[in-house]
S.K.: 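Here it is, the structure, as structure tokens.
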Amino acid sequence: MEGDTFSGIDNGTQLDSKVVQVFQKSFVQVQNILDQNRLLINEINQNHESKIPDNLSRNVGLIRELNNNIRRVAELYADLSSSFAKSMDTSSEEDLSGAMRSDGKAGHKRNRPV
């Protein structure tokens, strides 16, 4: 990332720093949940291998927590997708509004060699 913009998108569109911060925050949340899921899965596996009735009973709650975490990750990714699409739409609209002529048709500029 350079400065406050992310310019690695196909058509050179730049996203402002606020959008990038929202994405980063969401990705950090997702990573934290995935790290927690890894710990839950390890504990579930240990409890299962132990075959101790209390540990097996505890797995019911752990698996519920794991399922809720997976649901939350899916929601975060859906929100990210929606936010990204909206930011691209806004960016495209801004690009188009600058290229529209007064008659409502797109104006095309040619760059002529000097």
Side-chain angles (χ1 to χ4, degrees):
M1 263 179 272
E2 251 179 64
D4 289 336
T5 59
F6 176 80
S7 59
I9 298 178
D10 223 18
N11 61 1
T13 303
Q14 293 185 339
L15 300 175
D16 66 26
S17 62
K18 186 175 181 181
V19 173
V20 173
Q21 287 173 355
V22 169
F23 290 157
Q24 287 175 335
K25 180 182 174 189
S26 294
F27 284 124
V28 167
Q29 286 180 302
V30 166
Q31 189 58 54
N32 288 337
I33 294 170
L34 293 176
D35 290 342
Q36 183 182 8
N37 284 357
R38 183 173 21 83
L39 296 174
L40 285 170
I41 290 167
N42 287 339
E43 186 175 348
I44 290 166
N45 285 336
Q46 288 172 357
N47 289 345
H48 182 73
E49 288 171 3
S50 77
K51 298 193 188 327
I52 298 171
D54 287 344
N55 289 350
L56 295 173
S57 296
R58 179 162 161 65
N59 274 0
V60 173
L62 295 174
I63 291 169
R64 282 191 183 121
E65 185 177 350
L66 182 65
N67 285 337
N68 288 333
N69 286 352
I70 291 168
R71 189 175 300 111
R72 181 68 184 129
V73 167
E75 290 169 358
L76 285 167
Y77 277 132
D79 291 348
L80 271 170
S81 177
S82 175
S83 294
F84 184 75
K86 285 178 187 174
S87 70
M88 294 308 294
D89 286 346
T90 301
S91 153
S92 294
E93 287 171 9
E94 289 171 0
D95 290 347
L96 286 176
S97 68
M100 290 296 212
R101 297 188 317 214
S102 60
D103 60 3
K105 296 182 181 174
H108 300 283
K109 281 189 173 181
R110 288 189 188 179
N111 292 329
R112 295 184 185 187
V114 178

S.K.: Suppose the criterion is salt bridge (charged side-chain N to carboxylate O under 4.0 Å, His left out): which pairs have a residue in residues 64-74, not counting sequence neighbours?
M.R.: R72-E75

S.K.: I'd like a table of donor-acceptor pairs (distance under 3.5 Å, sequence neighbours excluded) in which one partner is a side-chain atom from residues 25-32, with atom names and distances.
M.R.:
{"residue": "S26", "atom": "OG", "partner": "V22", "partner atom": "O", "Å": "3.2"}
{"residue": "Q31", "atom": "NE2", "partner": "D35", "partner atom": "OD1", "Å": "2.9"}
{"residue": "N32", "atom": "ND2", "partner": "V28", "partner atom": "O", "Å": "3.4"}

S.K.: Roughly how far, to the nearest 0.5 Å, is the NZ atom of K86 from the OG atom of S81?
M.R.: 10.5 Å

S.K.: Apart from I41 itself, what residues make up its hydrophobic cluster, given side-chain heavy atom links below 4.5 Å?
M.R.: L40, I44, L62, I63, L66, I70

S.K.: The criterion is side-chain contact (heavy atoms from CB on, under 4.5 Å); which residues satisfy it with S50, sequence neighbours excluded?
M.R.: I52, N55

S.K.: Name all residues meeting the side-chain hydrogen bond (donor to acceptor under 3.5 Å, both in side chains) criterion together with D79; count only those two or more places apart in sequence or in a different chain, and write none if there are none.
M.R.: none

S.K.: Determine yes or no for a side-chain-to-main-chain donor-acceptor pair under 3.5 angstrom, with S82 supplying the side chain and A78 the backbone.
M.R.: no

S.K.: Determine whether more than 12 heavy atoms belonging to other residues, nucleotides or ligands lie under 6.0 Å from atom CG of N42.
M.R.: yes

S.K.: Checking one residue: L56. Which other hydrophobic residues are in its cluster under the side-chain 4.5 Å linking rule?
M.R.: none

S.K.: Checking E43 now: which residues fulfil salt bridge (charged side-chain N to carboxylate O under 4.0 Å, His left out) with it, not counting sequence neighbours?
M.R.: R58

